[in-house]
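Bear in mind the structure is a predicted one, so any value in this text is a computation, not a measurement. Numbering of ligands and ligand atoms starts at 1, following listing order. We number each residue from 1, following the sequence as shown. The basis for the numbers below is simple: all heavy atoms, side chains too, and nothing from hydrogens, waters or symmetry mates.
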Amino acid sequence: MAAQPGGHQKPFHVVSPVLESLPLSKAAGTKVFMKLENVQPTGSFKIRGIGHLCQEAAKKGCRQFICSSGGNAGVAAAYAAKKLGLPITVVIPSTSGSIPKRKLEELGATVEVYGKAFDDANRRAQELLKTEGCVSIHPFDDPLVWQGHTSLVWELKDSLETKPDAIVLSVGGGGLLSGVVEGLHQVGWQDIPIIAAETQGAHSFQEALKAGQLVTLPDITSVAKCLGAKTVAARALECAQQCQIISQVVEDAEAVGAVEQFLDDERMLVEPACGAALATLYTGRLQRLQREGQLRTPLTSVVVVVCGGSNISSAQLRAMKGQLGIE
Ligand code: PLV
């Protein structure tokens with residue numbers, strides 16, 4: 001990877017494939033298209049928004065990046081920093097485990113492991129920011145990150161023949177959600193309902209929706225550590241005023257079961273953070289929402305954002321199944 005100091009004009013993400021999934025369509029009772037963000041450089045959609053933020057900061061003369069992350073945003077930032085020829089420090093919580101740490105080091109980032117949850121790592125990153133010329137790379141709470149994520153919707157508009165009837169995605173801190181909502185408005189698709197999936201124990205978005213204000217969870221108890229923002233971005237809550245957002249919380253066992261099912265069905269291994277979105281389709285929740293009148297019947301097609309995630313291995317999947325008592 002050649003370093004390109006002084007700014008890099010081409011985006012770092014790729015135009016990702018949109019494929020119909022027969023197994024997911026069968027499970028959901030409607031045609032399901034997968035937006036395959038797991039094939040992005042560094043394995044998740046994060047490179048869209050984070051890559052954009054890093055490029056913009058580099059153009060303005062930033063000399064160093066400080067990033068806090070549950071894992072994937074940090075790996076995307078380290079990849080972007082390497083391409084831009086700039087140093088980066090990434091702070092991750094201990095619960096992120098060894099995979100992101102190794103990937104970050106391989107990309108040449110300085111890694112600090114701090115605290116148990118993403119929120120602890122984020123506080124530590126704010127302290128480190130005091131050095132001159134440093135720019136903060138937040139994984140989900142930055143307008144430039146949302147702007148970068150909008151490209152996903154433009155690509156959907158380009159590749160789909162008909163407008164989908166719903167978009168299914170995972171919510172951690174709400175950066176992906178905010179970017180998709182912004183993108184839907186840009187392409188004139190703002191009437192598409194969004195199914196926002198979280199896991200129990202990382203369900204800060206649903207709590208905020210219920211309370212009508214931001215809620216901070218006492219702890220992250222879900223195995224989906226990359227959904228583990230104790231508080232979502234304020235923007236995520238505002239999105240609920242601008243689009244129809246249907247919140248769905250799945251159990252960890254459902255998210256991990258979906259990861260395994262998806263591996264068998266589509267031969268791709270994704271994180272439980274992504275499994276949350278897939279689980280809404282595998283567990284009949286879409287049909288339930290139709291019965292409840294929250295989604296129309298019949299549906300022509302839905303899109304699931306296969307957000308990916310690189311903090312997973314076959315051994316880790318086995319270990320999580322054991323931990324959750326899944327056969
Ligand atoms: N992960 C963030 C926040 O973690 C991170 O630092 O990597 N799917 C995957 C695979 C993710 O990595 C994330 C976010 C999400 C979904 C949710 O995206 P968000 O935060 O924009 O809603 C704590």
Item to complete: State whether the shortest distance between N or O atoms of Leu176 and N or O atoms of ligand 1 falls below 3.5 angstrom.
Response: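 Yes, at least one N or O pair falls under 3.5 Å.
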Practice prompt. Would you check whether Gly74 has a nitrogen or oxygen atom less than 3.5 angstrom from a nitrogen or oxygen atom of ligand 1?
Written response: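 No, no N or O pair falls under 3.5 Å.
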Nearest heavy atom to [atom]: which of [options] does it belong to?
{"atom": "atom 7 (O) of ligand 1", "options": "Gly309, Ala236, Pro100, Ala73", "answer": "Ala73"}
{"atom": "atom 23 (C) of ligand 1", "options": "Cys226, Ala233, Gly172", "answer": "Cys226"}
{"atom": "atom 9 (C) of ligand 1", "options": "Ser68, Ala273, Ala77", "answer": "Ala273"}

Atoms in ligand 1 flagged as close to [X], the criterion being non-hydrogen separation under 4.0 Å:
{"X": "Gly308", "value": "10 (C)"}
{"X": "Val171", "value": "22 (O)"}
{"X": "Phe118", "value": "23 (C)"}
{"X": "Phe45", "value": "8 (N), 9 (C), 15 (C), 16 (C), 18 (O)"}
{"X": "Gly175", "value": "19 (P), 21 (O), 22 (O)"}
{"X": "Ser69", "value": "5 (C), 6 (O), 7 (O)"}
{"X": "Gly174", "value": "19 (P), 20 (O), 21 (O), 22 (O)"}

Establish, from distance only, whether the side-chain atoms of [X] and [Y] form a donor-acceptor pair under 3.5 Å.
{"X": "Ser96", "Y": "Lys101", "answer": "no"}
{"X": "Glu271", "Y": "Asn72", "answer": "yes"}
{"X": "Ser178", "Y": "Arg235", "answer": "no"}

Worksheet item: Does atom NZ of Lys157 have more than 12 heavy-atom neighbours, drawn from other residues, nucleotides or ligands, at distances under 6.0 Å?
Response: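 Yes, enclosed.
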Discussion item. More than 12 heavy atoms of other residues, nucleotides or ligands under 6.0 Å from CZ of Arg296: yes or no?
Written reply: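 Atom CZ in Arg296 is not crowded, with 12 or fewer foreign heavy atoms closer than 6.0 Å.
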Worksheet item: Do Arg102 and Glu106 meet the salt-bridge criterion of a basic N to acidic O distance under 4.0 Å?
Response: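 Yes, charged N to carboxylate O under 4.0 Å.
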Practice prompt. In plain terms, say whether Glu56 and Lys59 are close enough for a salt bridge, that is, a side-chain N and a carboxylate O under 4.0 Å apart.
Written response: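 Answer for the salt bridge query: yes.
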May I ask you to identify the nearest protein heavy atom to [atom], giving residue, atom name and distance to one decimal place in Å?
{"atom": "atom 2 (C) of ligand 1", "result": "Lys46 NZ, 3.3 Å"}
{"atom": "atom 20 (O) of ligand 1", "result": "Gly173 N, 2.8 Å"}
{"atom": "atom 10 (C) of ligand 1", "result": "Asn72 ND2, 3.3 Å"}
{"atom": "atom 8 (N) of ligand 1", "result": "Cys307 SG, 3.2 Å"}

Fill in: 4.0 Å heavy-atom contact, Cys274 with ligand 1
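No, Cys274 has no heavy atom closer than 4.0 Å to ligand 1.
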Worksheet item: Among His52, His149, His13, whose ring pair (Phe, Tyr, Trp, His ring centres under 6.0 Å) with Phe45 holds?
Response: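 Output: one option passes, namely His149.
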Discussion item. Could you check whether His203 and Phe205 have their ring centres less than 6.0 Å apart?
Written reply: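 No, the ring centres sit 6.0 Å or more apart.
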Worksheet entry | Partner of Val303 by side-chain contact (heavy atoms from CB on, under 4.5 Å), out of Val168, Asp165, Leu156 |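 The single option meeting the side-chain contact (heavy atoms from CB on, under 4.5 Å) with Val303 is Leu156.
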Worksheet entry | Ring geometry between Tyr79 and Phe12 (parallel below 30°, tilted from 30 to 60°, perpendicular above 60°) |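 Ring orientation of Phe12 relative to Tyr79: perpendicular.
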